Engineer: 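Just dropping this structure here.
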Amino acid sequence: MDSVNEEKDNIFVCDGLVKIYKTKDVEVMALQGLDLEIKRGELLAIIGKSGSGKSTLLNMLGGLEKPTAGRLYADGRDLFAMNEKGLVEYRKNTVGFVWQNSAQNLFPYFTAVQNVEAPLYFDNMSEKKRRERAMHLLHLTGIDHKADSYPAQMSGGEQQRVAIAVALAHEPKILLADEPTGAVDTKTSNMIQDLFRKINQETGLTIIIVTHDISLANKVSRVIMISDGKISTEKIMKEEFRQKLDSLTTENLAQVESHEEYSVLDKAGRVQLSGETLELAGIDTNKVKVEVEDGKIIISK
């Protein structure tokens, strides 16, 4: 595939993203030359521990933060060459956001249907069309029976379903979800994960979920593991698993090998190995031997 077609296939291209947060006494490097490509229509999870840089990356993809260095192309445009007006339009029309805290997603004094209508109030849309759009999205997210309920009258999972409907109001090309299952129980988390899969399959929407919840790995096509501000490994769903995913129970999911794991080789030829991998290999030093035997790279201490 040539580079032109690759650019069309990718909705995000991150090139050497660096983000440094400065305070009076200290500098913290949240991203350290991160490279990443995300294809249109992907259902993808970015997983990492607290402080790994995953939320910083999400904010950049959403046009909420700018990098200290590097480039980011979103839907074919250089995101950080845009002026503030362009970024506002990008956040309004291209991206939908779902946050962990329902207070960031919903107006407490609006009903569910009114919350979904809210982003559409300033559009050239009749009241009837606005209500039809809102009810369609509540039906899509399986929460239309709560259309006239206020957030305080709904469970955490129900609020998140409404939040997803709100994020879809403007028909975005990209849905960004920050810890969307962080405040709900396991059963509700599984329901929300299944909902993301349904939306992705039925609409072709690119969905990027940032989380520390490793259980999400079984429900998405690709998992990006981020550590210390860089991509360490990727997990790609096996095709045979994808074909039978809908027939597996939650219990069976944990027992099936669903993804193929790859270490990421960056542009400088570096590979980041996880602490678990180093421990399994018995490597406890910062110097290793690298040898090539029969076309295989062998790393040893």
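Just so we're clear, the structure is a prediction, and the values are computed from it rather than from any experiment.
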Engineer: Within the side chain of R222, is there an N or O that forms a donor-acceptor pair under 3.5 Å with the backbone of E234?
Structural biologist: no
Engineer: When you measure from the side chain of N200 to the backbone of G41, do you find a donor-acceptor pair of N or O atoms at a distance under 3.5 Å?
Structural biologist: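 A pair under 3.5 Å: yes.
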Engineer: Main chain of D228, side chain of Q32: is a donor-acceptor contact present, judged purely on distance under 3.5 Å?
Structural biologist: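 Yes, because the side chain of Q32 sits within donor-acceptor range (under 3.5 Å) of the backbone of D228.
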Engineer: Between K39 and I11, is there a donor-acceptor pair closer than 3.5 Å when you use the side chain of the first and the backbone of the second?
Structural biologist: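 Not confirmed, K39 side chain does not pair with I11 backbone.
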Engineer: Given V210, which of L44, L58, T56 fulfils the side chain to side chain contact (heavy atoms under 4.5 Å, CB included) condition?
Structural biologist: L58
Engineer: Keeping T141 on the side-chain end and I164 on the backbone end, is there a donor-acceptor pair under 3.5 Å?
Structural biologist: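 Between the backbone of I164 and the side chain of T141 there is no qualifying donor-acceptor contact (under 3.5 Å).
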Engineer: Keeping D294 on the side-chain end and K296 on the backbone end, is there a donor-acceptor pair under 3.5 Å?
Structural biologist: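 No.
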Engineer: Going by side chain to side chain contact (heavy atoms under 4.5 Å, CB included), L34 matches just one of L72, D15, L57. Which one?
Structural biologist: L57
Engineer: I need the E179 CD to S50 OG distance, nearest 0.5 Å.
Structural biologist: 9.0 Å
Engineer: Flag the pair K219 and D194 as a salt bridge only when some basic side-chain nitrogen lies within less than 4.0 angstrom of an acidic carboxylate oxygen.
Structural biologist: yes
Engineer: Kindly say whether L140 contributes a backbone atom to a donor-acceptor pair with the side chain of K198 at under 3.5 angstrom?
Structural biologist: yes
Engineer: So, the side chain of K49 versus the backbone of S227: is there a donor-acceptor pair under 3.5 Å, distance only?
Structural biologist: no
Engineer: What pairs meet the side chain to side chain donor-acceptor pair (under 3.5 Å) rule with one or both residues in residues 104-117, with sequence neighbours excluded?
Structural biologist: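 Pairs touching residues 104-117 that pass the test: N105-Q160, T111-Q114, E117-R131.
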